[in-house]
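Okay, structure first, notes after.
Quick note: numbers below take in every heavy atom, side chains included, and nothing from hydrogens, waters or symmetry partners. Residue numbering restarts at 1 for every chain, and letters A, B, ... go by the order of the sequence lines.
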Amino acid sequence: MLTLENLHVDLGEFTLDATLTVGTGRKVAILGPSGAGKSTLLAAIAGFQPATGRIAWNDDSLAGRAPADRPITTIFQDNNLFPHLTAAQNVGLGLRPDLRLTKADETQVEEALARVGLDGLGPRKPARLSGGQAARVALARALLRHKPVMLLDEPFGALGPALRDEMLGLVRDLADETGATLLMVSHEPEDARTIADEVILVADGRAHAPVPTAEIFANPPEALRDYLGR
Amino acid sequence: MARGVLAVTRTTGAGAAALALVLLLAFGTLIAVALRAEGAGAFGVADWAALRFTVVQATLSAALSVALAVPVGRALARRQFRGRAALVMLLGAPFILPVIVAVFGLISVFGRSGLVSQALLAFGFEPISIYGFHGVVLAHVFFNLPLATRLVLQGWLAIPAERFRLAASLGFTSHDIAQQLERPMLREVLPGAFLVIFLLCLTSFAVALALGGGPRATTIELAIYQAFRLDFDLGKAALLALVQFALGAAVALVALRVALPSGFGAGLDRAVTRWDANTPALRALDAMLITLATLFLVLPLAMIAVDGLPALATLPSSVFTATARSVGVALVSVLLTLALALPIAAWSVKAASKLIDGIGSLTIAASPLVIGTGLFIILFPVTDPFALALPVTALVNALMSLPFALRALVPALGQVEADYGRLAGSLGMTGMARLRLLWLPRLRRPLGFTMGLSAALSMGDLGVIALFASPDTPTLPLQIYRLLSAYRMDDAAGAALVLLAISLALFWAFDRGGRVNADA
């Protein structure tokens with residue numbers, strides 16, 4: 001269970017507060033108008049954005065810990081892959097950040113690439129991968145990191161609708177297989193319907209407690225109504 | 001948590017250590033100098049003359065360079081012609097040109113038996129001499145007119161093209177455009193350009209060594225060298241070193257208040273379309289200016305090739321041993337530059353502090369001769385400084401390259417961290433893994449440029465080595481200077497050609513190495 005208690009981010013003009021819990025294995029979409037602080041919330045959980053208050057995974061407090069030492073793996077909006085490393089190396093970083101991989105490690109990398117449908121593409125560099133393939137490489141790495149929480153910050157924003165649905169399906173399958181807890185920022189309400197059990201609404205400087213997806217769309221609160229335009 | 005903190009400490013620690021070493025070399029040597037200077041005699045008449053000459057030649061050189069750069073830069077900014085890109089690239093060349101090589105080329109053109117004098121003789125005039133005040137200024141203009149032109153050109157191209165379109169649609173004449181668009185830009189660009197060049201002329205020892213001298217054309221740095229090498233008067237050398245430092249520091253303080261331009265700006269390869277300048281008279285004027293500037297730049301370089309090629313076959317072996325020595329010093333200097341610049345850049349980016357690389361860049365005002373004097377005073381009681389000539393030269397050369405290295409690396413590293421810092425952080429890539437797998441591969445281009453620049457600068461250096469070298473371990477530039485002093489012009493020409501070729505080749509090889517196969 002992910003717990004945020006009196007989480008507070010202060011960026012001068014802009015502040016964000018959150019007190020909420022996300023159950024283990026839940027898939028949660030984070031929705032809200034642009035600039036409301038969706039990405040800031042993820043950054044605070046991941047450890048990139050200094051924040052006060054309590055962040056905990058089960059009984060394990062995460063405050064003050066470096067991003068890599070948190071039980072979290074993140075897929076970013078862009079720059080998920082190092083362009084100078086091959087797909088296999090990019091995935092291998094998930095096992096060993098210094099890339100000193102053993103034979104067994106390399107086998108794991110190959111298996112992870114195969115799992116996301118990139119069999120044999122390991123030697124390619126990102127410039128020779130399509131947008132969808134690059135996203136799959138990032139997912140393969142997230143898979144190998146074996147972290148119980150996966151954060152996605154609008155990861156498929158640059159992909160077309162069909163490809164995006166495909167990727168969301170893959171994310172859902174991977175999360176189901178590994179039992180990972182998923183938090184995904186999106187500006188597409190459809191994404192939430194596709195993948196999320198629950199929705200966290202971020203608006204007016206607050207991240208609200210998660211609400212079941214069907215419920216929130218059936219009876220949207222005012223901030224969400226404004227955002228959705230209906 | 002422990003790993004994160006450790007990584008921060010490591011970056012900070014390495015950066016602080018590198019910066020401390022830089023400060024120690026730049027200012028610690030000064031303390032050594034100051035302690036030594038106490039016993040020195042008063043500042044004599046000759047010393048006042050040296051101070052006056054230093055300031056006057058630097059002022060005049062900077063003023064001339066900047067004044068000439070305005071019309072040349074304007075011509076380049078508003079004309080598109082074949083070879084324009086090559087000419088703009090050539091404007092960057094003097095920066096990595098060994099001073100002694102350029103001096104040789106200038107002597108071939110403007111010297112007593114040079115091209116200009118021969119033309120004058122043919123028409124019955126007296127030949128001209130390149131030695132003394134006007135020679136020093138001429139050489140400084142040769143080096144800095146291209147730099148000033150690039151800076152001014154940058155300023156011109158930074159004016160949005162829409163402004164010129166607006167001006168054209170309003171029927172502005174060239175005079176109106178000068179008033180409304182160009183002068184405001186020049187008011188911003190020129191003070192910085194003047195200061196940079198003034199600073200460079202203040203600490204340019206090799207030009208004064210080769211073309212100056214005598215009571216009326218001795219700079220302070222040359223006076224330090226003479227007090228040191230000729231009289232072995234350490235007290236006097238120390239006193240002069242303090243004056244040189246005070247001068248550099250004073251200018252650097254002024255420079256801190258003026259935004260210094262960088263001069264490495266990309267995107268100079270286009271011209272602005274101008275509707276006001278399409279008159280035959282202005283076209284002819286610009287064509288003439290561009291031709292003259294090109295000749296001024298190219299002729300001395302061409303003369304090195306013309307004079308040097310025939311001499312290559314008969315070069316004495318001492319030139320080749322000196323070449324090997326210089327290449328070795330240059331390569332060590334490249335490594336030292338990186339060893340200093342990378343930690344300082346990393347610290348600066350991590351702490352998001354401009355002050356850190358600002359301090360690292362202070363050595364642009366430091367004088368290698370002053371640092372050399374200080375090092376000599378420190379080393380003298382402990383060991384034989386002359387035996388350490390080559391390592392000391394490599395180190396001081398690295399220090400002199402540092403400001404340019406930081407200027408190339410800090411923004412690039414900032415961009416790398418902005419783009420990939422979070423990804424690397426989320427994967428736990430810290431310390432050596434971050435250096436090896438993120439920084440070095442992503443910084444290939446600026447690293448290649450930095451290595452090329454520092455190799456070429458070190459290759460051509462004729463500063464500390466002149467102070468320290470014993471007769472049997474000269475570097476190539478020092479060997480050329482000795483050949484010139486001995487009037488062995490053929491050998492000097494051949495050696496100058498070798499030095500030029502190797503300097504350019506080193507720059508090209510490193511810079512190119514940073515570009516090929518670089519992943520976008």
Side-chain angles (χ1 to χ4, degrees), chain A residues 39 42-43 45-50 60-87 89-101 124-129 134 137-138 141-142 144-145 147 149-153 155, chain B residues 1-14 342 346 349-353 409 411-449 512-520:
Chain A
S39 294
L42 276 204
I45 297 171
F48 296 115
Q49 173 63 55
D60 183 11
S61 169
L62 307 187
R65 274 162 60 174
D69 294 330
R70 299 184 180 209
I72 290 171
T73 189
T74 305
I75 296 188
F76 299 93
Q77 208 164 0
D78 42 30
N79 290 328
N80 274 304
L81 303 183
F82 295 108
H84 52 280
L85 300 179
T86 64
Q89 286 175 313
N90 268 294
V91 173
L93 286 172
L95 288 176
R96 295 214 42 163
D98 60 4
L99 268 188
R100 299 194 198 282
L101 301 179
R124 287 210 191 169
K125 287 192 175 177
R128 290 186 53 231
L129 295 173
V137 174
R141 181 175 57 213
L144 279 195
R145 295 198 69 214
K147 301 281 187 179
V149 180
M150 192 195 276
L151 305 180
L152 298 99
D153 188 0
Chain B
M1 172 152 190
R3 259 161 78 196
V5 169
L6 198 66
V8 171
T9 330
R10 234 180 316 184
T11 305
T12 311
L342 269 176
V349 167
K350 190 136 223 163
S353 157
L409 288 177
L413 185 59
Q415 192 58 50
V416 169
E417 280 294 310
D419 287 346
Y420 299 104
R422 283 190 172 191
L423 176 58
S426 79
L427 295 172
M429 293 165 69
T430 56
M432 288 309 284
R434 205 184 188 97
L435 176 72
R436 191 164 51 85
L437 296 173
L438 178 58
W439 289 355
L440 293 184
R442 295 314 298 160
L443 290 175
R444 275 184 61 172
R445 271 161 174 263
L447 278 176
F449 173 77
R512 176 99 192 126
R515 286 166 194 270
V516 288
N517 290 327
D519 304 287

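The contact between B:R436 and chain A is made entirely by side chain atoms (from C-beta outward), counting heavy-atom distances below 4.5 Å. When heavy atoms are compared at a cutoff of 4.5 Å, A:R100 approaches chain B solely by way of its side chain, counted from C-beta outward. Proximity to chain B (any heavy atom under 4.5 Å) is restricted, for A:R145, to the side chain, taken from C-beta onward.
Between chain B and the residues A:I72, A:I75, A:L81, the most heavy-atom pairs under 4.5 angstrom are made by A:L81.
Partners of B:D419 by side-chain hydrogen bond (donor to acceptor under 3.5 Å, both in side chains), not counting sequence neighbours, listed by chain and number: B:Q415. The side chain to side chain contact (heavy atoms under 4.5 Å, CB included) search around B:A14 returns B:P343, not counting sequence neighbours.
By the 4.5 Å heavy-atom criterion applied to side chains, A:R141 and B:L427 are counted as neighbours.
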Next on the checklist: Determine whether A:D153 and B:R422 satisfy the following criterion, salt bridge (Lys or Arg N to Asp or Glu O under 4.0 Å), listing intermediate values before the conclusion.
Outcome noted: CA-CA 12 Å; A:D153 188 0; B:R422 283 190 172 191; 5.8 Å; no
